There are 2 protein chains.
Amino acid sequence: MPTPQLPDASISAVERETGLSKDTLRIWERRYGFPLPLRDAHGERLYPQEQVHKLRLISRLLDRGLRPSQLVAAPLEALIARASSDSGGSARAPEDGELLDTTLRLLAAYDEAGLRSHLSVALQRLGLQRFVIDFAARMNLRVGEAWSLGQLSISQEHLYTEQMQHQLRQGIGATYPGARHPGVMLTTLPGEEHQLGLLMAQACLAVEGIRCVSLGVQTPAWEISEAAQRQGVEVVGLSFSEALRQKVALQMLKDLRARLPEQIEIWAGGALWARLRRRLPGVRFITRLDQLPRVIADYRAQYDTWSEHTG
Amino acid sequence: MPTPQLPDASISAVERETGLSKDTLRIWERRYGFPLPLRDAHGERLYPQEQVHKLRLISRLLDRGLRPSQLVAAPLEALIARASSDSGGSARAPEDGELLDTTLRLLAAYDEAGLRSHLSVALQRLGLQRFVIDFAARMNLRVGEAWSLGQLSISQEHLYTEQMQHQLRQGIGATYPGARHPGVMLTTLPGEEHQLGLLMAQACLAVEGIRCVSLGVQTPAWEISEAAQRQGVEVVGLSFSEALRQKVALQMLKDLRARLPEQIEIWAGGALWARLRRRLPGVRFITRLDQLPRVIADYRAQYDTWSEHTG
DNA sequence: GTCAATTTTTGTCCAGGACAAACGTGCCCA
DNA sequence: TGGGCACGTTTGTCCTGGACAAAAATTGAC
């Protein structure tokens, strides 16, 4: 990969790129001797790209539940071995991946027009629900994988995101606005700027005929709480990508839970929660979109029972 | 509003909610004597909601360019006065704003369904070009104004953005992919996360029949450069909202200009440039979308002359 | 008025100490 | 086998207070 030479990064740049706090970076240096950044003329840390890269890798492995002591001091090769053994190890059959492969090929070739028409055809052929659950969800994984392997550049990933977003909105726009229960407000918490997960959820809700209000990304907790109450929704749906740290996300979820009235449920979606250990009272975790219909059915069963008794 | 009684917030919680870094919070306390949090049994800061609220207000005012020294030490009432007085001053004529007023009214009422249908009707009636130039552009201003006057909440602004984005994408999706010159690649630079300007530009380009590739928001300069050359576009279009600092933006523009081959033009759009003094060689500034057709015509005239002589 | 130089303001960085919450381990008991 | 409890270890966040660079405001010269 002919990457142009990037300058060394400041500590706040590294914090932004890896999600590791400045404090953490400094204390690792003190305790484990890594990262060991250069210093500028003024004694401030300058992290070479090589170290940033390793930190990114470590950060990802941490999210899988590995301990820092085993990672931070380890040589790069050991980390790569771990990274690939752990996730790629789940030897998946190539499955019916023709749609996926074609998409990836168009993307690799920077073929924007081809991509647009390909996705559009896929949407028409599969219908919105299967487009989202069977295709888009898997495609996101493939693209993320290809990116982390260096097979796709950032701009290609952006191109993909943009086109996919376009198709999803086309699909959602074509559905008739629903009115069924539960009324859902969709958004993401501050720091989570990925729209795709949100749109995929919105599509799944739309095909269920649900009344669904999306606020887009990054709504502060107190705003979510106020808006949910004023709109009279029954569920607040939040999307989380793996870019966010689970710990941070949990903290924000707890905070939101404390602000919302009890009778409003929180549905927290995204692959981020796949490795979650603890539960959180009053929050429903949805790790895969294909679980959504089940969750909705559960809610409706409960709601119907409730309204039978009281209405 | 029956807000549940919230516990005092830790410093990291305040950082999350106000966007002010821990360092900033601590140094304000040292310098200005505010915020002055309680301490828990272990000496750690605990911010009462009242202080958090004031910090949020300060944070907003800072974004408008006010200085911390005048805000942090000031009493709450003075801040509130400032917040309301500062922006409302530019008493402008109401102009032919029926569409605008209705939109604002629906937004104020949190009427999502009404908003959706209203915008959709407006798009159908005006057509994509006039929808963007005559309506969306003005509406954005109105919404921003209403927000800064405290008439709209963040969540209402999000609701507006989301719905508008939806309509724009519907409109763009309905246009036939163009192939006319110049080929344009659209994106924003890192730090600029507003999509709406980008989509409005994309719509204007689409109705001109232009081949237009959007990479979405926040593409690093080196990626833009590489992608532009691989895609063979003739123009890189960038959108800038007023959220970005002009100085920072200019610096990034210069950097991008240095990376791009000379024959690829840069078109920099957005209200941010309205107060620009200096010019930047090789960069065309477009402060209002209605100038875009003219710029395109200029380019084509130039291009045609050029291709007559060489082709 | 415009531009450059200077002063003030302001946020980020640093070091190194402290500690609580999370985590792992070993043990007991059902 | 598995669930609960006590114990040591790991780990991230918080603390203080000093320093300084970048940004903004001010001054001064032309």
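Keep in mind that what you see is a predicted model, and the values were worked out from it rather than measured.
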Inset, instruction - Tell me what A:Arg31 touches on the nucleic acid: a base, only sugar-phosphate, or nothing, going by heavy atoms under 4.0 Å. - result: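 Answer is base: heavy atoms of A:Arg31 come under 4.0 Å of a base.
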Please check this pair: side chain of [X] against backbone of [Y], looking for a donor-acceptor N/O pair closer than 3.5 Å.
X        : Y        : value
B:Glu223 : A:Ser155 : yes
A:Thr188 : A:Gln218 : yes
B:Glu265 : B:Arg284 : no

Legend entry - side-chain contact (heavy atoms from CB on, under 4.5 Å), paired with A:Leu238, selected from A:Leu256, A:Ile286, A:Leu186: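 Testing A:Leu238 for a side-chain contact (heavy atoms from CB on, under 4.5 Å) against A:Leu256, A:Ile286, A:Leu186 leaves exactly one candidate, A:Leu256.
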Inset, instruction - Check each residue of residues 36-44 of chain A for a non-hydrogen atom within less than 4.0 Å of any atom in DNA chain C, then write out the ones that pass by number, or none. - result: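 Contacts with DNA chain C under 4.0 Å: A:Arg39, A:Gly43, A:Glu44.
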With sequence neighbours left out, what residues match [X] under salt bridge (Lys or Arg N to Asp or Glu O under 4.0 Å)?
X       : answer
A:Arg16 : none
B:Arg56 : B:Glu17
A:Lys22 : A:Glu15

How would you list, by chain and number, every residue that makes a side chain to side chain donor-acceptor pair (under 3.5 Å) with [X], sequence neighbours excluded?
X        : result
A:His158 : B:Thr219
A:Arg257 : none
A:Trp28  : none

For atom [atom1] of [X] and atom [atom2] of [N], their distance in whole Å:
X       : N      : atom1 : atom2 : answer
A:Leu62 : D:dG12 : CG    : P     : 7 Å
B:Arg67 : C:dT8  : CZ    : C1'   : 9 Å
B:Glu15 : D:dC15 : CD    : P     : 12 Å
B:Gln70 : D:dA23 : CD    : P     : 19 Å
A:Leu46 : D:dA21 : CG    : C1'   : 14 Å
A:Leu66 : D:dT10 : CG    : P     : 17 Å
B:Ile11 : C:dT12 : CD1   : P     : 13 Å

Please list, for nucleotides 4-7 of chain C, all pairs of protein and nucleotide N/O atoms separated by less than 3.5 Å.
none

Inset, instruction - May I ask you to check whether A:His53 and A:Gln51 show a side-chain donor-acceptor distance below 3.5 Å? - result: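 Side chains of A:His53 and A:Gln51: no pair found under 3.5 Å.
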Inset, instruction - Quantify the bending of the helix from C:dG1-D:dC30 to C:dA30-D:dT1 as the angle between its end axes, each fitted on five pairs, to 10°. - result: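 It comes to 40° between the two terminal axes.
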Inset, instruction - Mind running a 4.0 Å heavy-atom check of residues 21-30 of chain A against DNA chain D and sending the residues that fall below it, in number order? - result: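 A:Ser21, A:Asp23, A:Thr24, A:Ile27, A:Trp28 - these, ordered by number, are the residues of the stretch whose heavy atoms sit under 4.0 Å from the strand.
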Inset, instruction - Return no unless some side-chain N or O of A:Ser12 is found under 4.0 Å from OP1 or OP2 of C:dC13. - result: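 So the side-chain polar atoms of A:Ser12 do come within 4.0 Å of the phosphate oxygens OP1 or OP2 of C:dC13, strictly under.
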Legend entry - D:dT11 phosphate, OP1 or OP2, under 4.0 Å from A:Tyr32 side-chain N/O: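 For D:dT11, OP1/OP2 do have a side-chain N/O of A:Tyr32 under 4.0 Å.
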Inset, instruction - Any pair with a residue in residues 27-42 of chain A that passes salt bridge (Lys or Arg N to Asp or Glu O under 4.0 Å), sequence neighbours left out, goes on the list, sorted by first then second residue, please. - result: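 Every pair satisfying salt bridge (Lys or Arg N to Asp or Glu O under 4.0 Å) with a residue in residues 27-42 of chain A: A:Glu29-A:Arg39, A:Glu29-A:Arg45.
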Inset, instruction - Would you please name every residue forming a side chain to side chain contact (heavy atoms under 4.5 Å, CB included) with A:Val143, sequence neighbours left out? - result: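 Scan of A:Val143 (side chain to side chain contact (heavy atoms under 4.5 Å, CB included), adjacent residues dropped) gives A:Leu104, A:Leu107, A:Met139, A:Leu152, A:Glu157, A:Tyr160.
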Legend entry - Beyond-backbone contact of A:Lys54 with A:Ile58, side-chain heavy atoms, under 4.5 angstrom: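 Yes; the side chains approach each other to less than 4.5 Å.
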Legend entry - First encountered from the 5' end of DNA chain D, between B:Ala13 and A:Pro68: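 That would be A:Pro68.
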